[in-house]
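These notes concern the structure reproduced below.
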Amino acid sequence: MRGYDIGSVDTINYVNYFLERQKSYHIDGNEVELGITLFNRLLRVFLVSGWQYLTIVAIITLLPLFYLIKKYSSNIHLSILFLFIVLGNIISVYFVCMRQVLGMAFFIWAIVIWLNMSKNYIIWYVLLLAIGCFFHSVIILPGIIFILLNYCSISRKIYISIAVISFLLGVMRIFDNLLIFSFLFYSGGPLERLAPYALIELSDGSGGYLYTTFRTILCIMLCLTLSKYDFSHVFSKMFLVGVVLFNILPNFSEIYRLGALFVVFGVIPISKMATMLFNKINRKKLYKFYSFTFKNIICSYYMLFIL
């Protein structure tokens, strides 16, 4: 049970908006999506405190993610672990971006129904995706891309090429100031609210090259290690889309709000790859691997959050 001051200013604003201490979630008074407004009205009937509100939100948002991992992961414990140590700051989305993860919860349920080929699965997919969009309009993007990826085959060479080329484009900062991103930020679309962050961060030379390098290497390893069925599965392709988003804008930290919608599915193929690799090495080497990984995690967090 966390306090609503743990996370970011966004979390505080969401809780204050729920408790009706402020008229709008946004300081500038902009309206939020209809979904969060109706959601808050319903919960106000039963809940009276901020921690109760965050608890319910945590259950609603994490339940479909854990269900997805339990159903499709070959190693549940590794998949959950990789949410924290492999995908970088992706798990922080669940602490900060409340509207987005609420929308994402319905998107994940939609994917589960689609993959199960349940009765009227297309209708259910569209319905759940629409509900997700009521919480955050950006959910429509992964919703459409998921359908396209289901019917799009990809070879190992193309998979690796996309990952590597996107990484090189990011290193050269090709996309930092292109008009297409200005259009996305100012067109009145779902990414318009990120415009102020873009103006600040795209002019900053510091960035997330550590994580982009790591994720690109993961893409290559997935492609070289997994079977054709596994690396061409929609989860692996969704992960690739997320990696590309992070790669082409490594200096824009707010891209994780969008990239997380794709990269999070990578825990399933990554955990399968890790299990395959662990089975091929002896216990001594495995111990050295865990020791090396743990030391690097501690050093990374120290450098990122303390120095």
Side-chain angles (χ1 to χ4, degrees), residues 64-65 67-75 78-79 82-83 86-88 90 93 100 103-117 121-122 125-126 128-129 132 138-170 175 211-250 255-277:
L65 177 60
Y67 179 84
L68 185 81
I69 290 175
K70 181 179 180 181
K71 184 172 180 62
Y72 294 103
S73 175
S74 59
N75 193 316
L78 274 181
S79 293
F82 288 164
L83 281 174
V86 171
L87 299 184
I90 299 304
V93 172
Q100 183 165 317
M104 187 177 178
F106 288 96
F107 174 51
I108 293 177
W109 285 127
I111 288 179
V112 170
I113 290 177
W114 180 289
L115 294 178
N116 286 343
M117 293 294 179
Y121 69 95
I122 296 179
Y125 180 86
V126 173
L128 289 170
L129 187 65
V138 78
I139 301 298
I140 190 64
L141 298 179
I144 294 174
I145 292 175
F146 171 81
I147 296 176
L148 296 177
L149 292 178
N150 263 287
Y151 301 102
C152 176
S153 60
I154 186 170
S155 67
R156 296 182 190 272
K157 290 182 178 179
I158 293 177
Y159 193 99
I160 293 176
S161 298
I162 292 174
V164 173
I165 291 173
S166 65
F167 174 76
L168 295 176
L169 291 174
F175 288 91
Y211 280 133
T212 57
T213 302
F214 187 50
R215 294 187 187 109
T216 303
I217 294 174
L218 279 176
C219 282
I220 297 174
M221 292 179 64
L222 285 176
C223 201
L224 297 178
T225 305
L226 297 179
S227 66
K228 183 178 180 180
Y229 171 80
D230 290 321
F231 96 84
S232 60
H233 191 276
V234 67
F235 291 150
S236 299
K237 289 184 282 189
M238 289 286 280
F239 177 67
L240 177 62
V241 172
V243 170
V244 169
L245 288 172
F246 283 112
N247 281 354
I248 61 178
L249 280 176
I255 198 66
Y256 77 88
R257 294 174 181 263
L258 178 59
L261 297 171
F262 300 92
V263 172
V264 69
F265 295 99
V267 298
I268 295 174
I270 291 173
S271 61
K272 185 162 189 174
M273 176 191 68
T275 301
M276 292 173 61
L277 294 176

*Does the side chain of Ile220 reach to within under 4.5 Å of the side chain of Val164, using non-hydrogen atoms?*
yes
*Please round to the nearest 0.5 Å and tell me the distance separating atom CG of Leu129 and atom CD1 of Ile140.*
4.5 Å
*Within the side chain of Ser73, is there an N or O that forms a donor-acceptor pair under 3.5 Å with the backbone of Lys70?*
no
*Find the distance between OG (Ser79) and NZ (Lys272) and round it off to the nearest 0.5 Å.*
11.0 Å
*Starting at CG of Leu261, measure out to CD1 of Ile145 and round the result to the nearest 0.5 Å.*
9.5 Å
*Parallel, tilted or perpendicular: which fits the ring planes of Tyr229 and His233, with parallel below 30° and perpendicular above 60°?*
perpendicular
_Distance, nearest 0.5 Å, that separates CZ of Phe214 from CZ of Phe246_ = 13.5 Å
_Just so I know, are the side chains of Tyr72 and Leu115 near enough to count as touching, which here means a heavy-atom distance under 4.5 Å?_
yes
*asked:* Assess the residue pair Met276 and Leu226 against the criterion (side-chain contact (heavy atoms from CB on, under 4.5 Å)); give the C-alpha distance rounded to whole Å, side-chain angles, the decisive distance to 0.1 Å, and a yes or no.
replied: CA-CA 8 Å; Met276 292 173 61; Leu226 297 179; 3.8 Å; yes
*Rounded to the nearest 0.5 Å, what separation is found between the CG atom of Leu245 and the CZ atom of Arg215?*
10.5 Å
*asked:* In terms of relative ring orientation, are Phe146 and Tyr125 parallel, tilted or perpendicular, with 30° and 60° separating the classes?
replied: parallel
*Might you point out which heavy atoms bring Ser166 and Asn247 nearest each other, and give the distance in Å?*
OG-ND2, 3.0 Å
*Do Tyr159 and Leu240 have side chains that get closer than 4.5 Å, going by heavy atoms?*
yes
*Kindly give the heavy-atom pair with the smallest separation between Lys71 and Asn116, and that separation in Å.*
CE-OD1, 2.9 Å
*Check step by step if side-chain contact (heavy atoms from CB on, under 4.5 Å) holds for Phe235 and Leu68.*
CA-CA 11 Å; Phe235 291 150; Leu68 185 81; 3.9 Å; yes
*Passes side-chain contact (heavy atoms from CB on, under 4.5 Å), Leu83 versus Ile69? Steps please.*
CA-CA 11 Å; Leu83 281 174; Ile69 290 175; 4.0 Å; yes
_Flag, side chain of Ser271 to backbone of Ile268, donor-acceptor distance under 3.5 Å_ = yes
*Kindly give the heavy-atom pair with the smallest separation between Val243 and Cys219, and that separation in Å.*
CG2-SG, 3.7 Å
*Could you go through the side-chain contact (heavy atoms from CB on, under 4.5 Å) check for Asp230 and Ser236 one step at a time?*
CA-CA 7 Å; Asp230 290 321; Ser236 299; 5.6 Å; no
_Determine whether the aromatic ring centres of residues Phe239 and Phe262 are separated by less than 6.0 angstrom._
no
*When rounded to the nearest 0.5 angstrom, what distance separates CG in Leu222 from CE in Met273?*
5.0 Å
*asked:* Is there a side-chain contact between Ile154 and Ile162 in this structure, where contact means two heavy atoms from C-beta onward sitting under 4.5 Å apart?
replied: yes
*Measure up the Phe265 and Phe107 rings against each other and bin them: parallel (under 30°), tilted (30 to 60°), perpendicular (over 60°).*
perpendicular
_Just so I know, are the side chains of Ile147 and Trp114 near enough to count as touching, which here means a heavy-atom distance under 4.5 Å?_
yes
